[in-house]
Amino acid sequence: MEYKNILKDSPIAFFDSGVGGLTVFEKVKKLLPQENYLYFGDTKNMPYGEKTEEQLIEFADNIFKFFEKKNAKAVVIACNTSSAVAYEKLKDNYNFKIYPIIQSVCSTLAQLDVKKLCVIATPATIKSHTYSKEIAKYNSEMEVIEIPAPNWVRIVEEHRINQPQSIEQVKEILEIAQSYSPDKIVLACTHYPYLMDVLKKFMPEEKFIDPSVFFAQNIKKDLTVLNDKFEYEKFYVSADPENFKTASELFYKLTELPELITL
Ligand code: DGL
C-alpha cells in the first residue's frame, strides 16, 4: 500500500468504544510527544463486546471515513474488539496506516517465557479467538486460555470501579482464570487497566500484562513520517461528553469536554 498525501503534521488518530483507548493513547503520546492527535470514543455504541460482527465492521468503517476526512496519517485501533472483528475486513480500504492492537502485540506475547497464558477480554474478542490464533502463528507451544468478562467495560464507563458489586464481578472472573493456574493474565481489553486497583486485591500486579505497553512501542518503531512540533490534540465522542471526561480521569485528564459528533 502506498500512503499518499501524508504530511508530517497530519494527526495520528485513535479510536475505541469509549475511554479504554486512552490507556494506549497516553503511552503513545509519551513516546511521541511531538505528534498531533485525534481521539474518537464511540460511546453511543459502547460496549462493543456485545455487538455483532456486522455492527462492529460498520462502526469501524464510519470511524475510518471520519479520520480520512481529517487527513489522519495513521489510525490506531485502540480497541481489542474492533481489532479482532473489523480490522481484517477493512484493512485494505484506506489510504493510511492502520495499527490494530491484537495483531501488533501477539508476536511479543508469544515470545514471553510463559507456558500458560490466560487472556481476559470482551465476549466478542473471545468469540473470535484472535488472540489464540495470532499467538499460535509465532509460538504453537504456548497454551492460551480465553475467558470473557461481560461486565467489566460497563464498570469502567459507568465509574462504578470501587462498588462492592463491581468488585464481586471482577473477582468472579479472576477465580475462573485462577482455576487454570496461568503464568500470566493478559488484560485484553483496553478498558481493563482502569480496574488495576481492584485486580490487585486478588492477585499480584506482576501477574497481569497490559499489552498496550508493547503496542505503543511497536507504533513508535513503525511510524516513518514524523512530526517535529506538537500543535493540537482533539477528542470526539458519539454520546455523553461529560461522562467521557469523568470516566477518563484515571488515565488522561482532558482540559475540555470532547466534541459530540454524529458519524
Ligand atoms: N476497549 C475495547 C476493547 O479493547 C472495547 C470494549 C467494549 O466496548 O466492549 O475491546
Side-chain angles (χ1 to χ4, degrees), residues 13-28 39-60 62-63 75-88 90 98-106 109 118-132 134 146-161 166 169-170 173 185-196 199 208-216 218-219 235-240 243-244 247-248 250-252 258 263:
F14 287 67
F15 78 91
D16 178 45
S17 64
V19 298
L22 292 170
T23 61
V24 180
F25 169 72
E26 58 99 22
K27 292 180 185 69
V28 174
Y39 185 101
F40 177 69
D42 196 5
T43 41
K44 188 174 123 216
N45 296 313
M46 186 284 297
Y48 274 8
E50 295 171 16
K51 299 294 186 296
T52 65
E53 189 177 326
E54 290 69 32
Q55 287 174 309
L56 290 165
I57 293 169
E58 193 190 328
F59 301 153
N62 288 337
I63 297 165
V75 173
V76 177
I77 310 184
C79 171
N80 289 262
T81 311
S82 188
S83 300
V85 181
Y87 168 68
E88 278 297 328
L90 300 171
I98 301 175
Y99 294 107
I101 182 165
I102 304 180
Q103 292 80 352
S104 167
V105 301
C106 278
L109 292 175
C118 178
V119 172
I120 301 184
T122 67
T125 300
I126 296 301
K127 193 168 157 231
S128 76
H129 298 295
T130 310
Y131 268 92
S132 51
E134 287 292 318
E146 296 170 299
I147 297 172
N151 303 306
W152 288 14
V153 169
R154 282 187 197 276
I155 293 173
V156 173
E157 288 287 338
E158 295 165 9
H159 22 104
R160 295 188 281 107
I161 294 174
S166 310
Q169 286 172 336
V170 170
I173 303 295
I185 297 178
V186 182
L187 300 176
C189 165
T190 53
H191 281 76
Y192 298 170
Y194 284 82
L195 297 169
M196 189 48 89
L199 296 166
F208 299 101
I209 298 173
D210 173 2
S212 69
V213 177
F214 310 134
F215 190 30
N218 290 347
I219 293 167
F235 297 88
Y236 303 89
V237 289
S238 51
D240 214 343
N243 187 68
F244 184 91
S248 65
L250 261 183
F251 269 89
Y252 201 76
L263 296 186

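As the structure is a prediction and not an experimental result, all values here were calculated from the model. We count ligands from 1, going down the list as the structure has it; atoms in each ligand are counted the same way.
- Side chains of Asn218 and Tyr99: a donor-acceptor N/O pair is absent below 3.5 angstrom, by distance only.
- The nearest pair of heavy atoms linking Ile155 to Ile161 is CG2-CA, 3.7 Å.
- Nearest heavy atoms, Thr130 versus Ala84: OG1-CB, 3.4 Å.
- When all heavy atoms of Asp16 and Gly21 are compared, the pair lying nearest together is OD2-N, 3.0 Å.
- Protein residues having at least one heavy atom under 4.0 Å from any atom of ligand 1 are Asp16, Ser17, Pro47, Tyr48, Gly49, Cys79, Asn80, Thr81, Thr122, Val153, Cys189, Thr190, His191, listed by chain and number.
- Comment: Asp42 does not engage Lys51 in a salt bridge, judged by the lack of any side-chain N to carboxylate O separation of less than 4.0 angstrom.
- Residue Phe235 forms a side chain to side chain contact (heavy atoms under 4.5 Å, CB included) with just one option from Tyr39, Phe40, Phe14, and that option is Tyr39.
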